[in-house]
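Chain letters run A, B, ... following the sequence lines, proteins first and then strands; every chain starts at 1. In what follows, every heavy atom counts, from backbone to side chain, and hydrogens, waters and symmetry copies are set aside.
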Amino acid sequence: KQEVTQIPAALSVPEGENLVLNCSFTDSAIYNLQWFRQDPGKGLTSLLLIQSSQREQTSGRLNASLDKSSGRSTLYIAASQPGDSATYLCAVMTDSNYQLIWGAGTKLIIKP
Amino acid sequence: NAGVTQTPKFRILKIGQSMTLQCTQDMNHNYMYWYRQDPGMGLKLIYYSVGAGITDKGEVPNGYNVSRSTTEDFPLRLELAAPSQTSVYFCASSYRTEAFFGQGTRLTVV
């Protein structure tokens, strides 16, 4: 059974720092991996999607990597800003039935 | 572009009441999903559908029912609401790749 873990559960850093959020999964048979952002009381915003055949994806200050063999993905945020404060969720899409399996998220606080 | 639309956004139910959460997508996606998110947790799959007329249970289906009569609509039914069903509910759709989400329904059962 696929399990997804995100570490740390919470992270607080000063503005301007570069930071890395981690996501690990137990079964390498994935179709893709997605990173989402969730603001308090709001819905989910898709940030980056990495297909199983890809190693990384970039969007602005965000870079996500995927290492299927080790069951890991990282989300790198460069030059963090207070507006980056949110909960970041990773989800793995299984290649058997295209379900999304979710981590519990990392709550990120960027201090001005 | 409407994407995935969920209604209502908020609802308070009394124990034992019933309600239907509506979900509509206009992207012609085959796959649709219902998730619930409890505080501090990731999303858990309640039911999903791979196309009109086909539904299947996810991880936490007890207390819920779904139907998929059209490609666009995927309503979630709560028959006898219980306090354990207090949660935020998200509907999503995809065509195997990127998943798109509705804004969520915050449900409180008292």
### Task
Treat each ILVMFWY residue as a node, draw an edge where side-chain heavy atoms are under 4.5 Å apart, and state whether Leu107(B) and Leu43(B) are in one component.
no

### Message
Once rounded to the nearest 0.5 Å, what's the spacing between atom CZ of Phe101(B) and atom CZ of Phe36(A)?
### Response
4.5 Å

### Message
A side-chain contact here means heavy atoms from C-beta on lying under 4.5 Å apart; do Gln38(A) and Phe90(B) qualify?
### Response
yes

### Message
For Arg61(A), is the CZ atom crowded, meaning more than 12 foreign heavy atoms sit under 6.0 Å from it?
### Response
yes

### Query
Looking at Gly43(A) and Gln103(B), what are the two nearest heavy atoms and their distance?
N-OE1, 3.7 Å

### Query
For Gln6(A), is it the side chain, the backbone, both or neither that has a heavy atom under 4.5 Å from a heavy atom of chain B?
neither

### Query
For Gln6(B), is it the side chain, the backbone, both or neither that has a heavy atom under 4.5 Å from a heavy atom of chain A?
neither

#### Entry: 4.5 Å side-chain heavy-atom contact, Gln37(B) and Leu89(A)
yes

#### Entry: Within 6.0 angstrom of Arg72(A) CZ, more than 12 heavy atoms from elsewhere
no

### Task
Under 4.5 Å heavy-atom distance to chain A, tell me which part of Leu45(B) shows up: side chain, backbone, both or neither.
side chain

#### Entry: Common cluster, Tyr47(B)/Tyr33(B), ILVMFWY with side-chain heavy-atom separation under 4.5 Å
no

### Task
May I ask whether Leu78(B) and Tyr48(B) are part of the same hydrophobic cluster, defined by side-chain heavy atoms of I, L, V, M, F, W, Y residues being less than 4.5 angstrom apart, directly or through others?
no

#### Entry: Sidechain-backbone polar pair: Gln34(A) side chain, Ala99(B) backbone, donor-acceptor under 3.5 Å
yes

#### Entry: Leu100(A) versus chain B, the contacting section by heavy-atom distance below 4.5 Å
both

### Message
Is there a path of hydrophobic side-chain contacts, each under 4.5 Å between heavy atoms, that joins Leu13(B) and Val66(B)?
### Response
yes

### Message
Take a 6.0 Å sphere around NZ of Lys44(B) and say whether it holds more than 12 heavy atoms from other residues, nucleotides or ligands.
### Response
no

### Query
At a heavy-atom separation under 4.5 Å, does Phe100(B) approach chain A through its side chain, its backbone, both, or neither?
neither

